[in-house]
Structure formats: structure tokens, C-alpha cells
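One structure is given below, encoded as C-alpha cells.
Every heavy atom of this structure was used, including side-chain atoms; hydrogens, water molecules and symmetry mates were not. When a ligand or atom number is given, it counts from 1 through the structure's own listing order.
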Amino acid sequence: MTGEWTVPRVKSGIPGFDELVNGGFPKGTTVLVTGPTGSGKTTFAVQFVYKGVELYDEPGVIVTLEERAVDLRREMRAFGWDIEKYEKEGKIAIIDGVSAVVGLPSEEQYVLEGNLNTEDFLRYIYRVVKAIDAKRLVIDSIPSIAFRLKKEEEIREVLLQLNTILLEMGVTSILTTEAPEPSRGKISRYGIEEYIARGVVLLDFIEREVELKRYLLIRKMRETKHSMKKYPFEIMSDGLVVYPSGEIY
Ligand SMILES: Nc1ncnc2c1ncn2[C@@H]1O[C@H](COP(=O)(O)OP(=O)(O)OP(=O)(O)O)[C@@H](O)[C@H]1O
Ligand SMILES: [Mg+2]
């Protein structure tokens with residue numbers, strides 16, 4: 001037996017994905033999901049948490065920094081995912097990181113205040129993770145942390161701190177970021193997110209005749225033997241599906 005098989009695996013909840021990474025994400029790992037706008041980052045991340053509860057009974061926290069919790073719930077309902085039901089059961093917690101910043105009232109249970117420093121921001125997430133005993137965590141997205149904390153120039157320190165605290169919490173996490181031009185090798189906004197994350201999944205489009213096709217590429221996954229092929233995926237009415245035996249041509 002080789003070491004890679006001894007690492008416990010966390011199922012992604014995305015049909016077709018786990019077989020590309022030896023059965024799932026290495027437990028406790030931090031994975032960056034990157035891609036251009038509309039590529040499916042939020043859907044991938046929320047599916048990881050939602051299916052984590054539905055299929056594997058693992059509680060999860062979603063930190064939403066780009067859209068308000070109410071909007072996220074509504075969008076995800078379109079996939080048939082009733083997040084609210086699991087929130088009532090204490091298995092999902094959404095941290096609303098938008099309302100206070102844009103000056104809208106929030107009736108959410110978990111709200112990030114408008115003027116937080118890095119420590120308070122991380123401490124709040126830590127508290128909510130502990131409160132519901134979360135095993136999975138999503139932060140959507142990294143660039144909005146930088147804007148929010150008004151520390152774009154210090155994003156490296158913030159990410160290092162974040163990484164340390166994620167490891168300490170023992171959760172398996174997905175962080176999303178922007179990849180404006182993945183085809184030119186720029187796969188993350190700041191160029192440092194991919195060094196901090198232990199895994200990187202790129203979601204992107206490729207032009208084929210008159211339409212854009214979606215594909216997924218695992219750029220890195222530590223402790224994991226994975227292919228470097230581009231795999232087709234689709235966003236269906238019930239979420240993301242990857243086709244491990246499909247071809248991009
Ligand atoms: N209910 C649905 N059924 C099928 N496809 C959908 C559905 N909802 C959204 N989509 C597709 O998913 C895309 C958006 O995915 P998502 O919001 O996860 O992307 P994103 O990468 O997070 O984008 P952004 O950069 O804007 O945050 C839409 O543009 C649409 O093509
Ligand atoms: Mg998004």
C-alpha cells in the first residue's frame with residue numbers, strides 16, 4: 001500500500017468528481033476553486049456543503065461575501081437544495097458577509113459586521129464552525145475578503161493566517177477565487193492563493209464551434225494521484241456533474 005491510500009477522503013458530493021481524486025479531497029485540506037465569472041464556483045462550493053449534509057451527515061458553514069444569504073438561498077433553491085431546512089436543523093450555517101457592508105438590514109443569525117479586522121473576521125468564522133461542529137467550510141470568495149478587510153496589499157498575510165486557522169479547525173475547506181485568464185496561465189487573482197491552498201480545481205470554458213463548453217481541470221491536489229486532463233462538466237437542474245470518461249474535443 002502507498003501513502004496516498006491511507007489519507008482519509010472527504011466526498012465532494014459532485015457526481016463524477018471523486019473518482020478523479022482517489023475517492024475525494026484529503027480530509028482537512030484546503031481547496032481553491034478558481035475560474036472566470038459564471039464558471040460554476042459558487043455552485044461547486046455550495047454543493048460540497050449541501051451534499052455533505054444530505055449524503056454524509058457532515059455539518060457545514062458557508063461564508064458568503066459576494067451575495068447576501070437570502071439571495072444565495074434563493075439561487076440554490078433552483079437546484080432543489082433546501083438550505084433553510086438544514087439551517088433549522090443546525091447542520092448548515094450561512095454567515096452573511098454582505099448585508100452590513102452594503103448597509104442593508106439583515107435578519108440572519110450569523111452576520112459579519114461591517115468594520116472587522118482580520119483577527120475578528122477569522123475569530124467569528126471559527127466560532128460558527130465550532131457552534132455547529134462543522135466538518136466542511138466554504139468561503140466565497142477570496143477577492144471579497146481582500147476588499148472587505150481593505151487590505152489588498154496585505155492579502156498574503158491574511159491568507160496565511162486564514163490557512164493556519166483552517167488547519168487548526170480541522171475542517172475540509174473550499175475557497176473560491178477569480179481566474180480572469182486561465183488560458184494564459186493566470187489561474188488566481190493575486191497569484192498567491194494557489195500556493196496556500198493544498199488543492200486547486202479550475203472551472204473554465206472552451207469555445208467549440210458556436211458554443212462554450214464547460215470543463216474542469218485539477219491543477220493540483222496534494223497527497224493525491226490525479227490526472228491533468230480536462231474533463232467536461234455540466235450544470236444541470238440538480239447541480240454540477242462531471243464526466244470522467246468524457247472528452248473535450
Ligand atoms: N438552476 C440552474 N440550472 C442550470 N444551470 C444553472 C442554474 N443556475 C445557474 N446555472 C448556470 O451556472 C452559472 C452560474 O454559476 P455560479 O454562480 O456557480 O458561477 P460563479 O463561478 O460563482 O460565478 P461568479 O463569478 O459570477 O460568482 C450560470 O451562469 C448558469 O450558466
Ligand atoms: Mg460565485
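- For ligand 1, the atoms sitting less than 4.0 Å from at least one non-hydrogen atom of Ala78 are 1 (N), numbered in the order shown with element in parentheses.
- Annotation for Glu113: atom CD does not count as buried by contact number, only 12 or fewer foreign heavy atoms lying within 6.0 Å.
- Assignment of Arg214 to the shell around ligand 1 is supported, since a heavy atom sits closer than 4.0 Å.
- Checked options Val128, Val101, Leu65; the residue passing with Leu112 is Leu65 (criterion: side-chain contact (heavy atoms from CB on, under 4.5 Å)).
- Remark: ligand 1 atoms within the under-4.0 Å shell around heavy atoms of Thr43 are 15 (O), 16 (P), 18 (O).
- Atoms of ligand 1 found under 4.0 Å from any heavy atom of Met236, numbered from 1 in the order shown, are 3 (N), 4 (C).
- The protein heavy-atom contact nearest to atom 10 (N) of ligand 1 is Ile235 CG2, 3.9 Å.
- Under a cutoff of 6.0 Å and an axis angle of 45°, Lys11 and Tyr56 do not form a cation-pi pair.
- The distance criterion of under 3.5 Å between nitrogen or oxygen atoms is not met by Phe79 with respect to ligand 1.
- For the pair Arg156 and Tyr190, the NZ or CZ position fails the cation-pi test of under 6.0 Å to the six-membered ring centre and within 45 degrees of the ring normal.
- At the top of the distance list for atom 23 (O) of ligand 1, counting protein heavy atoms only, stands Gly38 N, 2.9 Å.
- Looking at Phe44 next to ligand 1, no N or O pair under 3.5 Å apart turns up.
- A cation-pi arrangement is present between Lys130 and Tyr126, with the terminal nitrogen or guanidinium carbon under 6.0 Å from the aromatic centre and inside a 45° cone about the axis.
- The structure places OG1 of Thr30 at 4.5 Å from CG of Leu166, a figure rounded to the nearest 0.5 Å.
- Few gaps surround NZ on Lys229; more than 12 heavy atoms of other groups in view lie less than 6.0 Å from it.
- Less than 4.0 angstrom separates some heavy atom of Glu66 from each of these atoms of ligand 1: 27 (O).
- Salt-bridge formation is not detected for the pair Lys91/Glu58: no Lys NZ or Arg NE/NH1/NH2 atom is positioned less than 4.0 Å from an Asp or Glu carboxylate oxygen.
- In the hydrophobic cluster analysis, where Ile, Leu, Val, Met, Phe, Trp and Tyr join through side-chain heavy atoms closer than 4.5 angstrom, Phe233 is grouped apart from Phe205.
- Looking only at protein heavy atoms, the nearest one to atom 25 (O) of ligand 1 is Lys41 NZ, 3.0 Å.
- At the top of the distance list for atom 26 (O) of ligand 1, counting protein heavy atoms only, stands Thr37 OG1, 3.0 Å.
- For ligand 1, the polar-atom distance check against Glu75 finds no nitrogen or oxygen pair separated by under 3.5 Å.
- Tyr195 and Ile139 fall into different hydrophobic clusters, where Ile, Leu, Val, Met, Phe, Trp and Tyr are joined by side-chain heavy atoms under 4.5 Å apart, directly or via other members.
- What sits closest to atom 17 (O) of ligand 1 on the protein, heavy atoms only, is Thr42 CB, 4.1 Å.
- Below 4.0 Å from some heavy atom of Gly40 lie the following atoms of ligand 1, by number and element: 15 (O), 16 (P), 18 (O), 19 (O), 20 (P), 21 (O).
- For residue Ser141, no N/O/S atom approaches the Mg ion (ligand 2) to within less than 2.8 Å.
- Considering backbone and side-chain N/O atoms, Ser237 never comes within less than 3.5 Å of an N/O atom of ligand 1.
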